[in-house]
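Structure first, then comments.
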Amino acid sequence: GENVEQHPSTLSVQEGDSAVIKCTYSDSASNYFPWYKQELGKRPQLIIDIRSNVGEKKDQRIAVTLNKTAKHFSLHITETQPEDSAVYFCAANEKLTFGTGTRLTIIP
Amino acid sequence: DTGVSQDPRHKITKRGQNVTFRCDPISEHNRLYWYRQTLGQGPEFLTYFQNEAQLEKSRLLSDRFSAERPKGSFSTLEIQRTEQGDSAMYLCASSLTDGTGELFFGEGSRLTVL
């Protein structure tokens, strides 16, 4: 089955700086890669996703890049704000195999 | 329709008891998923349905766990003979398309086994 690894497990950045979270996956047949944000005590919510026929997708301050050859994809958050503080999960494939999460803390 | 709803939100039970959780997905969604999440971990896939058909069940899931979606609408997840290791948040999610689309999660049902 699919295996997804996510790094780093924790990340602290100064407000206004950029944050990058990286994931690798094992199943070369996977073709769907979403990122979910989970605030403390709340449900995971989709923030951006990418399919295997594109290499990059951007939505305002958030972007995701995909390297199918290397089987890794990354989340990029620019101009970070305090409300970006949360746990971020990457996932892969149709029924979603999740990574272990990255706790992002934005330092004011 | 206000989204995916789960009931109960919290359940405390004694080891060895059976528990059942219910999930009501967004009405037009044909796919329904169950995940388990423990503190500091990502959601772990348990099983999913396309309408009333259970398409896959995680190999990590013991036979004490069973899920149903009898009419292709709401779903139930039953855990028999609960163990302390079953303590977790049980998340339900639904989606509209063939799975390669956004999953909408419920608030979860938190199980504590004493």
Side-chain angles (χ1 to χ4, degrees), chain A residues 1-11 21-27 29-54 57 59 62 64 66 75 86-105, chain B residues 2-7 9-10 21 23-26 29-50 53-61 67 69 75 88-110:
Chain A
E2 177 68 274
N3 182 49
V4 177
E5 294 188 356
Q6 182 172 348
H7 300 281
S9 58
T10 61
L11 179 62
I21 304 170
K22 299 180 179 181
C23 286
T24 60
Y25 61 98
S26 61
D27 187 354
S30 291
N31 58 9
Y32 177 61
F33 308 94
W35 286 88
Y36 282 77
K37 175 182 180 182
Q38 188 173 28
E39 297 178 15
L40 189 61
K42 297 190 176 181
R43 70 190 81 187
Q45 292 191 303
L46 180 73
I47 55 171
I48 196 166
D49 58 13
I50 192 167
R51 289 171 173 77
S52 58
N53 56 345
V54 290
K57 183 177 178 180
D59 182 4
I62 295 173
V64 56
L66 171 65
L75 176 71
V87 179
Y88 292 81
F89 294 101
C90 62
N93 81 24
E94 184 178 292
K95 61 180 184 291
L96 297 194
T97 302
F98 283 87
T100 50
T102 297
R103 180 173 298 281
L104 175 64
T105 303
Chain B
T2 57
V4 179
S5 62
Q6 293 186 243
D7 182 72
R9 295 289 311 281
H10 303 275
F21 300 116
C23 172
D24 287 89
I26 294 172
H29 285 186
N30 56 355
R31 284 227 167 166
L32 186 148
Y33 304 76
W34 285 100
Y35 293 86
R36 175 172 59 193
Q37 186 175 29
T38 54
L39 195 64
Q41 298 297 315
E44 175 191 15
F45 170 78
L46 297 179
T47 188
Y48 79 113
F49 294 83
Q50 171 97 8
Q54 187 172 17
L55 296 188
E56 187 171 341
K57 185 176 176 180
S58 170
R59 284 170 289 180
L60 300 176
L61 206 61
R69 195 183 183 197
S75 175
M89 177 73 83
Y90 290 85
L91 292 166
C92 175
S94 69
S95 70
L96 181 59
T97 62
D98 61 0
T100 53
E102 180 175 0
L103 263 62
F104 292 84
F105 282 87
E107 298 277 9
S109 293
R110 181 170 296 283

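Quick caveat, the model's predicted, so the values are computed rather than measured. Below, chains carry the letters A, B, ... as their sequence lines are ordered, and counting in each starts from 1.
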Item to complete: Pick out which of F104(B), F105(B), Y35(B) makes a side chain to side chain contact (heavy atoms under 4.5 Å, CB included) with P44(A).
Response: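 That would be F105(B).
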Worksheet item: Which atoms of T100(A) come close to chain B, meaning under 4.5 Å heavy atom to heavy atom: side chain ones, backbone ones, both, or neither?
Response: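 For T100(A), the contact with chain B is made by backbone and side chain together.
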Worksheet item: Given that the side chain runs from C-beta out, which part of Q38(A) has a heavy atom under 4.5 Å from chain B: side chain, backbone, both or neither?
Response: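 Only the side chain of Q38(A) comes within 4.5 Å of chain B.
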Item to complete: Look up atom CD in Q41(B) and atom CZ in F89(A), then write down how far apart they are to the nearest 0.5 Å.
Response: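 Rounded to the nearest 0.5 Å, the CD-CZ separation comes to 8.0 Å.
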Worksheet entry | Gap between atom CD of Q37(B) and atom CZ of R43(A) - 0.5 Å precision |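 Nearest 0.5 Å value for the CZ-CD distance: 13.0 Å.
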Practice prompt. Assess whether side-chain contact (heavy atoms from CB on, under 4.5 Å) is satisfied between F45(B) and E2(A), documenting all intermediate values.
Written response: CA-CA 11 Å; F45(B) 170 78; E2(A) 177 68 274; over 6 Å; no
Fill in: Which residues share a salt bridge (charged side-chain N to carboxylate O under 4.0 Å, His left out) with E56(B), sequence neighbours left out
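Here the qualifying residues are K95(A).
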Worksheet entry | Part of R110(B) lying under 4.5 Å from any heavy atom of chain A |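 No part of it gets close to chain A.
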Worksheet entry | Per-residue contact mode, E44(B) against chain A (heavy atom under 4.5 angstrom) |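 Nothing of E44(B), per the 4.5 Å heavy-atom cut-off to chain A.
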Item to complete: Using the test ring-ring contact (aromatic ring centres under 6.0 Å, His included), find all partners of F21(B) that sit at least two apart in sequence or belong to another chain.
Response: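 F21(B) satisfies ring-ring contact (aromatic ring centres under 6.0 Å, His included) with Y90(B) only.
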Worksheet item: Around K57(B), counting heavy atoms of other residues, nucleotides and ligands shown, do more than 12 lie under 6.0 Å from its NZ?
Response: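 Yes, the 6.0 Å shell around NZ holds more than 12 heavy atoms from other groups.
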